[in-house]
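Structure first, commentary second.
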Protein chains: 4
Amino acid sequence: MVMKKVPSSIKDERLIVKRRDQMIKGAVALFKQKGFHKTTTREIAKASGFSIGTLYEYIRTKEDVLFLVCDYIYEGVKDGMEQAIDTNEKGIPSLKKAIQSYFRLMDDMQDEVVVMYQEVKSLSKDAQDYVLKKEMDMLQMLELVIENSLPTSNSKEDIQLIANNIFVQGQMWGFRRWMLQKQFTLEQYTDRQMHFLFEGLQVTKEA
Amino acid sequence: MVMKKVPSSIKDERLIVKRRDQMIKGAVALFKQKGFHKTTTREIAKASGFSIGTLYEYIRTKEDVLFLVCDYIYEGVKDGMEQAIDTNEKGIPSLKKAIQSYFRLMDDMQDEVVVMYQEVKSLSKDAQDYVLKKEMDMLQMLELVIENSLPTSNSKEDIQLIANNIFVQGQMWGFRRWMLQKQFTLEQYTDRQMHFLFEGLQVTKEA
Amino acid sequence: MVMKKVPSSIKDERLIVKRRDQMIKGAVALFKQKGFHKTTTREIAKASGFSIGTLYEYIRTKEDVLFLVCDYIYEGVKDGMEQAIDTNEKGIPSLKKAIQSYFRLMDDMQDEVVVMYQEVKSLSKDAQDYVLKKEMDMLQMLELVIENSLPTSNSKEDIQLIANNIFVQGQMWGFRRWMLQKQFTLEQYTDRQMHFLFEGLQVTKEA
Amino acid sequence: MVMKKVPSSIKDERLIVKRRDQMIKGAVALFKQKGFHKTTTREIAKASGFSIGTLYEYIRTKEDVLFLVCDYIYEGVKDGMEQAIDTNEKGIPSLKKAIQSYFRLMDDMQDEVVVMYQEVKSLSKDAQDYVLKKEMDMLQMLELVIENSLPTSNSKEDIQLIANNIFVQGQMWGFRRWMLQKQFTLEQYTDRQMHFLFEGLQVTKEA
DNA sequence: CATGAATGAGGTTTCATTCAT
DNA sequence: AATGAATGAAACCTCATTCAT
């Protein structure tokens with residue numbers, strides 16, 4: 001699973017990890033503020049704490065930096081969710097727990113997530129496919145939890161739709177923070193979204 | 001409605017409108033395909049059907065093109081919704097009608113919408129504020145419809161949350177088309193989303 | 001003497017003169033402020049009170065405008081001096097009168113003069129030669145007055161040097177106004193310069 | 001003496017000095033020939049012996065090149081004069097020596113001086129002020145020498161005027177070379193100008 | 001005669017990437 | 001392994017000039 005997606009001319013694997021961590025941290029801060037395109041490689045190098053020459057010892061192109069950021073997010077979210085989800089457990093509580101963990105993750109990584117979704121289009125087709133694949137993996141994890149949690153059987157499409165809704169609601173928390181985080185704490189937000197997810201607007205009889 | 005947001009050195013107002021329409025059309029096609037940054041001004045000019053010199057008679061900077069696109073979208077969506085919403089009408093059906101119209105609009109303009117959200121970061125702070133304001137106006141329109149439609153009174157926060165959800169679900173249709181438009185027609189999508197909006201997952205008793 | 005140095009596609013001679021006067025006035029104001037190169041033809045047209053299209057009915061190139069300015073100055077100075085100089089008159093007073101008139105002219109036209117000398121290099125070689133010729137004509141007028149005024153005969157070179165000095169001192173008044181016009185009125189300046197011209201520093205015995 | 005007026009992205013101070021020397025040399029040659037505006041940055045780079053990218057590592061804008069040239073001239077002239085002037089020495093000979101040195105300097109740097117005065121207008125207001133300040137410093141040096149040299153006391157204004165005259169006569173030598181350098185060698189020119197400076201036209205009794 | 005929209009060559013500047021030290 | 005000076009393709013934008021109305 002440790003695929004050498006981004007080659008480096010440095011041999012010391014431990015150093016690679018360390019330097020790339022610095023890069024991701026610095027790059028996300030910059031991308032958040034100015035976007036991928038308006039950020040120069042020199043700025044990334046400086047924010048990472050080393051020279052432009054050193055930067056290019058650990059990546060091949062500027063795009064690699066963005067890719068590294070994306071990969072970091074997916075790895076983080078995947079780890080987090082795998083840890084949160086007990087595949088043996090069934091029923092609504094397990095779904096609720098999954099949603100809570102996911103939302104918490106999206107809160108932790110909101111900057112990275114915003115950056116990633118804002119800039120995927122800047123990746124090469126290949127890298128975009130790779131990212132899309134990761135996204136689908138995660139959607140499937142959610143679908144599985146949903147399916148296992150619901151008492152009654154639902155159509156595959158409905159389950160996918162619900163998974164997409166939850167997925168997007170997690171991202172919303174970061175993307176629309178200017179609105180949502182003014183009105184809700186993360187707990188409140190999680191609570192109300194779950195409420196509506198399970199209950200709906202409850203007006204059908206009258207409708 | 002006559003906002004002179006982007007100055008032009010051309011005097012003939014009618015011509016400005018015409019040329020800018022050409023520009024928006026051409027630019028959206030390009031931005032969709034390669035993104036704002038990878039699109040050159042010369043490409044925009046060519047796609048618009050005139051020379052680079054002429055392009056710059058109608059805008060000041062490349063960013064102006066992006067702004068024009070954003071403005072065009074919001075104006076389109078706002079007009080569409082204002083037409084679809086009958087403020088006198090009350091009850092669930094009026095909400096349903098609003099959602100349907102909104103989703104249809106987002107289907108029509110999916111390319112533009114995707115382009116816009118992908119590239120807002122490239123706008124100046126001022127332009128971003130202007131765009132944000134438009135977004136809030138539209139959210140408020142939705143909130144109003146929701147409030148007027150529901151039989152029981154709901155907290156302001158809940159209404160805002162629902163409005164955000166609907167808003168984002170409309171955008172999802174375009175953004176996640178690789179997934180959703182494979183499984184659903186627009187009608188099906190609208191139908192199922194409204195179903196879950198009103199009914200929820202209906203599992204509460206067992207939870 | 002009315003040489004068609006700058007052709008125009010307009011037939012009405014009176015109109016040409018009128019329009020070109022407007023042009024010179026407007027152009028000098030702009031050149032003074034921003035220099036020839038940083039002034040655009042559109043700005044010249046606007047400052048002249050007509051459209052860019054009309055501007056080009058009266059000139060062929062932007063350089064023509066500069067040439068027109070130069071020509072205007074020389075014509076003005078030549079007329080002024082011819083009027084001031086009585087070729088019959090001899091002796092120091094006639095020289096003093098010439099200097100006074102010349103300095104007064106340079107005061108009147110200081111903006112034009114500054115502009116001209118700052119920008120001659122922007123003229124074509126041909127135009128520069130034409131301007132140089134005019135300059136030499138004027139120098140010769142001064143030389144003549146000097147020669148006729150001095151009681152004792154002087155070498156041709158000395159007379160030329162004196163003429164150059166006087167010529168340049170007239171221009172100085174405009175070029176170094178930030179210094180000279182703070183310390184002197186035009187009358188004082190003329191008076192002191194003539195004083196030193198005729199008396200020198202008067203320290204020779206001690207030297 | 002170390003004024004960081006023009007920032008560079010290069011760290012090696014010694015290299016900055018070296019490269020900028022190349023630039024100034026190359027730029028003056030070009031400006032002399034075609035003027036500042038008609039010289040392209042690419043030409044400057046080539047004349048300096050490096051690529052356009054390298055040029056911009058040592059300056060921020062094209063204007064910086066002009067500023068560097070101006071600064072170089074003033075520094076040169078100032079150094080030359082400081083060296084030539086013995087502030088302890090008094091009397092006419094010290095003034096004569098100063099004038100001689102100054103004229104010789106202006107002969108050495110005539111190209112640079114002509115370029116500079118032709119193009120100051122292209123500098124930013126700030127840079128123009130800086131240059132003007134340098135000019136006034138040099139004028140004050142001349143004034144000091146004059147005051148110390150003359151046996152009888154003169155009004156401050158007269159001394160300033162004389163300083164200006166000498167200053168301008170030095171520049172004349174380069175600006176009006178088409179006339180002066182045809183009639184005089186530098187030594188002759190210096191000699192005759194000093195003659196008239198000290199003696200005047202000597203015609204007052206008769207006047 | 002007057003207008004102003006259209007043109008496109010060409011200028012300035014940026015910045016990802018390389019490579020000698 | 002680390003550095004940073006050098007490179008040059010390519011981007012954005014300006015503006016003198018033309019010409020149809």
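Every value quoted in this text rests on a predicted model; they were computed, and no experiment measured them. Order of the sequence lines fixes the chain letters, A, B, ..., with proteins taken first and strands second; residue numbering starts at 1 for each chain.
Rounded to a whole Å, the CD atom of E43(D) is 13 Å from the C1' atom of dT12(E). Atoms CD1 (I10(B)) and P (dT7(E)) sit 11 Å apart, rounded to a whole Å. Atom CD in E13(C) sits about 15 Å away from atom C1' in dC1(E), given to the nearest Å. Here dG4(F) presents its P atom at 13 Å from CZ of F50(A), a figure rounded to the nearest Å. Distance Q22(B) CD to dA5(E) P: 15 Å, rounded to the nearest Å. Here the C1' atom of nucleotide dA5(E) and the CZ atom of R14(B) are 16 Å apart, to the nearest Å. If you take NZ of K18(A) and C1' of dA2(F), they are 13 Å apart, rounded to a whole angstrom. The CG atom of L66(D) sits 13 Å away from the P atom of dT12(E) (whole-angstrom rounding).
Under a 3.5 Å cut-off, the side chain of R20(C) and the backbone N or O of L68(C) do not form any donor-acceptor pair. Judged purely by atom type and a 3.5 angstrom limit, T39(C) uses its side chain to pair as donor or acceptor with the backbone of G35(C).
Taking a cutoff of 4.0 Å between a charged side-chain nitrogen and a carboxylate oxygen, K134(B) and E75(B) qualify as a salt bridge. A salt bridge is absent between K32(B) and E112(B); no separation between the charged side-chain nitrogens and carboxylate oxygens falls under 4.0 Å. With respect to the salt-bridge test (charged N to carboxylate O, under 4.0 angstrom), the residues D21(C) and K25(C) do not qualify. Between K5(A) and D64(A) there is no salt bridge, since none of the side-chain N atoms of the basic residue sits less than 4.0 Å from a carboxylate O of the acidic one.
Among the nucleotides dT3(E), dA2(F), dA6(F), the one closest to the side chain of L15(D) is dA6(F). Of the candidate nucleotides dA2(F), dA6(E), dA5(F), dA6(E) has the atom nearest to the side chain of R19(B).
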task: I would like to know whether S9(B) and E57(B) meet side-chain hydrogen bond (donor to acceptor under 3.5 Å, both in side chains); could you show each step before the answer?
output: CA-CA 6 Å; S9(B) 55; E57(B) 294 285 326; 2.8 Å; yes
field: Derivation and outcome, salt bridge (Lys or Arg N to Asp or Glu O under 4.0 Å), residues E43(A) and K34(A)
entry: CA-CA 11 Å; E43(A) 286 171 324; K34(A) 341 169 52 177; 2.6 Å; yes
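Taken together, the paired segments of DNA chain E that extend over three or more consecutive Watson-Crick or G-U pairs, each closer than 3.5 Å at both contacts, are E:2-21 with F:2-21.
Position along DNA chain E of the nearest nucleotide to K11(B) versus K38(A) favours K11(B) as the more 5'-ward residue.
Distances shorter than 4.0 Å separate none of the side-chain N or O atoms of Y58(B) from OP1 or OP2 on dA5(E). For the OP1/OP2 pair of dT7(E) and a distance below 4.0 Å, the side-chain nitrogens and oxygens of S51(B) include at least one atom meeting the criterion.
Between S122(A) and H37(A), the shortest heavy-atom contact is OG-CE1, 3.1 Å.
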statement: Protein heavy-atom contacts under 4.0 Å, written 5' to 3' over nucleotides 16-21 of chain F as B (base), S (sugar-phosphate only) or - (none), form the string BBB---
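No contact: S9(C) has no heavy atom under 4.0 Å from any strand.
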